[in-house]
Number of protein chains: 2
Amino acid sequence: MSETSDFDLKNFLPYLLNLAAEVSSLEFQTYYKTHYGMLRMEWRVLFHLGQYGQMTAKQICDRARLHKTKVSRAVAALESKRYLKRSVSDHDRRHEDLALTPAGQRVFRDLTTAAAAFDDKLSQKLTPDENAMLRTCLGKIAKL
Amino acid sequence: MSETSDFDLKNFLPYLLNLAAEVSSLEFQTYYKTHYGMLRMEWRVLFHLGQYGQMTAKQICDRARLHKTKVSRAVAALESKRYLKRSVSDHDRRHEDLALTPAGQRVFRDLTTAAAAFDDKLSQKLTPDENAMLRTCLGKIAKL
DNA sequence: TCGTATTAGTTGATTTTGTAACTAACAAGC
DNA sequence: GCTTGTTAGTTACAAAATCAACTAATACGA
């Protein structure tokens, strides 16, 4: 029985964070997966378009800190679901302006509502103080 | 632009948790990947064996909350690296008792040391109060 | 002791992700 | 104009995660 050190996985921050992230994501993930057949990256991209309006893939990459291939695939998937439309920019044809379709906006509103409800449910496990501090701590760790 | 609700991704707990988990894991992950060619699941399994001594794959599944296919593949990988040995149990030949080899124990000690140092580094971004509360909160969320 | 259910663990097929190389459009210097 | 460099986005291939089906050993009731 190795008592090599007093280190304990159960207190290892990356481990705890991963565990909490997994558990907390599962229910909401299941929601958009079963209701709209969407993946996490698709939800994130849809969210950014819904929240901030028309933008290019590059802008989404920067804002969401996502790699361009992830965004590219998510955009293609959302397009094939008719949740967004693209239009090549006139003055720079490398850019594609992305915008949600009415259908995409409906999905956005529904997911936003659902997300808010999930967040409330999670928050209720913690005191108001804990809630505030938790978000602060996570921000520090994620270097936001 | 859509002011559908006051919901903001930047405060959505699952999102923040995933972000913090990703960022905080990256450096350590790089360490055991480059030094020992190990995957996250392998590190977790190795850790459990190092910390708790000999156990079966099933016990690891339960303790680490991992699916059996993940553990099965991690065990196979660790075995091929000669970091663990398996021995079929006598009184129930479905069970395999797993234990680290001396080489595996050396790796365990090294990774444990590295993890502890890395955890310290992360902890320094937070006050002692925040540290304690953060771990409490994460525990609540992960239903530990 | 036979049939059924359960448990431990593995394997294979399918999906998803990650990495790197690629195309196309533009910009800037010469 | 032509080269060189940079940027936006896609594609192709490899690594990995997921899910379901499978084998083998045991338990347990009729």
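Residue numbers begin at 1 in each chain, while the letters A, B, ... track the order of the sequences.
A donor atom on one side chain and an acceptor atom on the other are found under 3.5 Å apart for A/S123 and A/R135.
Atom C1' of nucleotide C/dA8 and atom NE2 of B/H91 are separated by 13 Å, given to the nearest angstrom. Between A/L66 atom CG and C/dT17 atom P there is a gap of 11 Å when expressed in whole angstrom units. B/L26 places its CG atom 15 Å from the C1' atom of C/dT19, with the value rounded to the nearest Å. Note: CZ (A/R93) to P (C/dA27) measures 11 Å, nearest angstrom. The interatomic distance linking B/K68 (NZ) with D/dT18 (C1') rounds to 14 Å, in whole Å. To the nearest angstrom, P of D/dA12 lies 11 Å from CZ of A/R73. Across the protein-nucleic acid pair, B/E79 atom CD and C/dT10 atom P stand 9 Å apart, rounded to whole Å. When rounded to the nearest whole Å, the span between CG of B/L39 and P of C/dT17 equals 16 Å.
For an aromatic pair to be called close, the ring centres must be under 6.0 Å apart, and B/Y83 with B/F108 fails this.
Regarding contacts with the backbone of D/dT10, a side-chain N or O of A/S72 is found under 4.0 angstrom from either OP1 or OP2. Residue A/R86 places no side-chain N or O under 4.0 Å from the OP1 or OP2 atom of D/dA8.
Using bins of under 30°, 30° to 60° and over 60° for the plane-to-plane angle, the ring pair B/Y31/B/F28 lands in the parallel bin. Aromatic ring orientation, B/Y52 versus B/F47: perpendicular (interplanar angle above 60°, classes split at 30° and 60°).
The residue B/T56 sits close only to the backbone: its heavy atoms come under 4.0 Å of sugar-phosphate atoms, none of a base. When heavy atoms are screened at a 4.0 angstrom cut-off, A/R40 is found touching no nucleic acid atom at all.
The listed nucleotides are D/dG9, D/dT26, D/dT18; the one nearest the side chain of B/D92 is D/dT26.
Screening residues 115-144 of chain B for ring-ring contact (aromatic ring centres under 6.0 Å, His included) gives no qualifying pairs among residues at least two apart or on separate chains.
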Under 3.5 Å, which N/O atoms of the protein pair with N/O atoms of nucleotides 3-7 of chain D?
{"residue": "D/dT7", "atom": "O2", "partner": "A/R94", "partner atom": "NH1", "Å": "3.1"}

Exercise for the section: Would you sort out whether B/D62 and B/K58 count as a salt bridge (charged side-chain N to carboxylate O under 4.0 Å, His left out), showing the intermediate values? Expected result: CA-CA 6 Å; B/D62 294 342; B/K58 184 66 192 338; 3.5 Å; yes
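Taking 4.5 Å as the limit, every side-chain heavy atom of A/R44 sits out of range of all side-chain heavy atoms of A/K70.
Residue B/C61 is the one, among B/C61 and A/D90, whose nearest nucleotide of DNA chain C lies closer to the 5' end (criterion: closest heavy atom).
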